[in-house]
Every structure is written in structure tokens, then in C-alpha cells.
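Values below: every heavy atom of this structure, side chains too, minus hydrogens, waters and symmetry copies.
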Amino acid sequence: MSTAVSAKNRSSVYKFSMKAAFYVFLTYVLVVTVAMTPLVQRYVLFAHHIYSLSHPHFARPEDHGLAPAKTINLKLSSADNTTLGAWFVFSESSYRQLYTPLSTQKTMTKDIPNALARRPTILFLHGNTGTRALPLRINVYTALTARLDSNVFAVDYRGFGDSEGTPSVDGVSMDARAAWDYLIENGAHPKDVLIVGHSLGTAIAGVLTSQLNREHVKPRGLVLMSPFSSVRKLIDHYRLFGFLPLLMPLSYIPLASRLLSWSLIHNFDTLSLISSITSPVLIAHAENDWDIPHLHASMLFQELVDTHTSKATASLQSHFVDNAQEFYVSNATIESDEDESHISRTVIEDFGTLDRFTENDKQVALLKSYSGGHDIGRIEGVQDVIADLFRLQV
């Protein structure tokens, strides 16, 4: 009797488990299917409606801890007449020279051309989620204006903050160009403007720099902080909470991965356009970045090295550890008969490694920090490397 009851219980548990697994799988397929729709893709990629709990006061940067009249709230117009919100933050030395107790945003606005002429300017292209007034970003502005004594120009793409419109690949690319054009129209020289992108902003920065270089315009350089090589490859490598391979079950569904690729309408692909970038490039990534695996930085670095190498042969031995989400580059060597090209590695004690590639006038660097997470721009060691490579020292 007890044996029959036990068998019946096991059968019930088995049926329940199978039914639960079926519903979990069905829910998973439904979620992935919904994720293929253009609207959901836009909200997931840009996350432009996710703000902090407090409503940003863009017109009063002082409310966010910035010095009086040091940050100017501006309105720009993109190529399709979309109005964008932006902040111009004076470098520390320019602010000290120009500010008086009677200064206001209106009076300081007239001094922007003077500030652009005095010190280099960083065009800062932020990542998804939030606005230019996000506290983490403000901390970066403050550090860059003080430690690097550079002006910072931060723009909110369409759909973000107080900017009009809805984000798209072409739209946000136009917005970045509008920010660049504003600086040039107000007296900045291209060689004095460093383009810095973070996370999603690295893809936008790559598009802008590629466009400028094709027009034979060379900014001071390009910095990609916590970049991804392409949206498609990011999906392939994405792990929820840093370890759960979210899309791995798709590999068991015929044609599912290919269908997901076909459905992408916001497919940023820095890897495919980076070969057209001729400006000096620094790629910076933390090894403990759980949002975007640092293998993407290595992929972009390798592509740039391969592009710039003429008679040399690059060899980067890479290893990807699935369970720890770790990717590291070792034995980086380039052999050349004329020894014109090389990758040199500097180990920065207790901080990370810096690989530098040079060939003629081509310069590419890869900085891997041991820590720093996804918001690597706030790390002083990263700021110091930027200052050194792009000659921003005070």
C-alpha cells in the first residue's frame, strides 16, 4: 500500500515539475519574443525614461552640487531641428579666472569661447539610463574639470532629460554631431576636443569620430570607457547578474538566435566601423565590470591594431572564463622586420595594465583596471592615464 502511494506521489511530483518547466520555458520564449519588438528594444537599449528618484533641475546645476555659474545650461538644435539640453562646465582654471561674485549663467555664457580657447574640452557622451544630471556623471565632470583642468560639454540625446524626440541610432548620432558643431562654432579647434564615451555613449562616440575622420577632421582623440563591440555580440555575451547566460536557451531553439539578430533595429556596431577611425584611441575597461564583459574592449583593441598594422603581425592570446566572466589578454606581441610597430605593456602596480600600440602616427591604447566596475570614469587612475595619453596635464 505504502509503495503504491509513494509511486503515485513521485508521479505527481514529476508531472508538476514538467508542467512548471513548460510554463517557465513558455514565459521565457514570450519575454524574448516581446523583446524583439521595436518599442521594447528602444526602451531596453536606451532606457531613456529611467531617472533617479529626484527630478533633475537642469536650469540650476547648482542644485546638483556644482559651483555657482560654473555650469551653463544650454539648448542645442540637432540637424533635424530636435531641441537638445546640454551642460557646459568650465575648467577649473578658466572658472577661477572668469568668475566673480556677480557672475551668472547669462554673463558666463559669453565666456565660453574664451574657455574653449584657453583649455582643451571633453565632449562627454553618456551611457543609457538617466540624464546629464545623474550624480555619478556629475562626479566625473567635477573630476575632469579639476584633475585634467578641461572643459566638459555633456549633452542629453533626444528622449533623455529635457531633450525632445525619441532616441534611435541615427537620431542620437545626429545629436552627438550637434554637440561637436556647437563647440567648433564657438571657437574650439578640433585638436583641442577630446571625445569621451561611456557604455552606450562609446557606440555614439565611435560613430561621431568615424564620421569626422572620414571628413578629414581629427579631434584630439577618442576615449571609450566600458565599451561594447556591437549590440549583437553584447547579447551573445550578456549574463544576468553577472553570471546567468540569459540567452543561452535560445541556442536550443532552431533559428532563434538568427531571428533575434534579424529583429535588431538599434544595432550599434562599433567593431565594424572602428577601422575607419584614425584619431588616437584609448579603450578603458574594468575587469570586474558585470554589465559589459571586458572582452569587448579587447576585441576593439585587436581590431584597431589589425587595422593599423601594415607590415606587422599582431598576436593576442585571449582566454574567456565562462564561470567568472573573465577575459584577459596575454603575450601581446607584434613582430616586424623593421621594428616600426609594437605593443608595449606597462603593469601599473595594484591598479591594472596598459597596452600601447604605435605605428608611425597611429596610437591605440588598452587600459584594463583590476577594479572600478562599470562606471570606470570616476577612477582617478583612469583619469590620469587620459591626461597622460592626450597631453591634458595642467
Side-chain angles (χ1 to χ4, degrees), residues 34-56 58 78 82 84-87 123-141 154-179 195-208 223-242 246-247 263-271 283-286 289-294 296-297 300 372-378:
V34 170
M36 293 179 181
T37 63
L39 180 63
V40 173
Q41 281 187 40
R42 177 179 292 115
Y43 276 86
V44 171
L45 177 62
F46 294 104
H48 51 295
H49 286 306
I50 300 178
Y51 300 144
S52 59
L53 295 178
S54 59
H55 183 71
F58 299 110
S78 199
T82 300
L84 311 172
W87 277 355
L123 173 53
F124 188 84
L125 302 172
H126 65 66
N128 68 356
T129 310
T131 71
R132 64 188 185 277
L134 197 68
L136 275 172
R137 291 169 188 155
I138 291 176
N139 291 340
V140 175
Y141 311 155
V155 62
D156 270 327
Y157 324 113
R158 62 190 62 208
F160 286 77
D162 56 347
S163 296
E164 298 176 346
T166 302
S168 66
V169 173
D170 292 339
V172 297
S173 300
M174 280 193 291
D175 300 340
R177 182 57 187 257
I195 300 173
V196 177
H198 173 247
S199 194
L200 175 67
T202 62
I204 302 169
V207 171
L208 174 61
V223 179
L224 304 177
M225 299 190 298
S226 308
F228 58 94
S229 56
S230 71
V231 172
R232 185 66 192 94
K233 290 185 181 297
L234 180 61
I235 291 174
D236 288 341
H237 298 139
Y238 185 73
R239 279 166 162 70
L240 190 64
F241 306 121
L246 191 62
L247 296 179
S263 73
L264 289 175
I265 62 170
H266 301 290
N267 189 18
F268 285 108
D269 190 351
T270 306
L271 195 63
I283 303 169
H285 217 133
D289 185 340
W290 295 109
D291 292 352
I292 300 176
H294 61 99
H296 288 266
L300 292 170
H374 188 60
D375 296 300
I376 196 172
R378 62 188 172 83

> Determine whether L224 and H285 make a side-chain contact, defined as any pair of heavy atoms from C-beta on separated by less than 4.5 Å.
no
> Taking all heavy atoms of F160 and all of G130, pick out the closest pair and write down the distance.
CD2-O, 3.2 Å
> Any idea which heavy atoms bring F58 and G161 closest together, and the distance?
CZ-CA, 3.7 Å
> With L125, which of V172, I195, V207, D175 fulfils side-chain contact (heavy atoms from CB on, under 4.5 Å)?
I195
> Please examine the side chains of P227 and L300, heavy atoms only from C-beta on, and report whether any two atoms are closer than 4.5 Å.
yes
> Do H126 and Y157 make the cut of ring centroids closer than 6.0 angstrom?
yes
> So, for M225 and G377, which heavy atoms are closest and what is the spacing to 0.1 Å?
SD-CA, 3.6 Å
> Side-chain contact test, heavy atoms from C-beta onward, threshold under 4.5 Å: evaluate it for W87 versus I138 and give yes or no.
yes
> Can a donor-acceptor pair be found, under 3.5 Å and without considering hydrogens, that links the side chain of R378 to the backbone of G372?
yes
> If you look at every heavy atom in A154 and Y141, which pair is closest and at what distance?
CB-OH, 3.5 Å
> Looking at residues at least two apart in the chain, or sitting in another chain, which of them share a side-chain contact (heavy atoms from CB on, under 4.5 Å) with S199?
I292, H374
> What are the two closest heavy atoms between A178 and S78, and how far apart are they?
CB-CA, 3.9 Å
> Which atom names give the shortest non-hydrogen contact between S163 and L84, and what distance separates them?
OG-CA, 3.4 Å
> Any heavy-atom pair between the side chains of F268 and T202 that's under 4.5 Å?
no
> How would you list, by chain and number, every residue that makes a side-chain contact (heavy atoms from CB on, under 4.5 Å) with A179, sequence neighbours excluded?
L76, L123, F153, V155
> Got a salt bridge between D162 and R132, using NZ or NE/NH1/NH2 to carboxylate O under 4.0 Å?
yes
> For F228, which residues count as a ring-ring contact (aromatic ring centres under 6.0 Å, His included) partner, sequence neighbours excluded?
none
> Between the side chain of D156 and the main-chain N/O of G85, is any donor-acceptor distance below 3.5 Å?
no
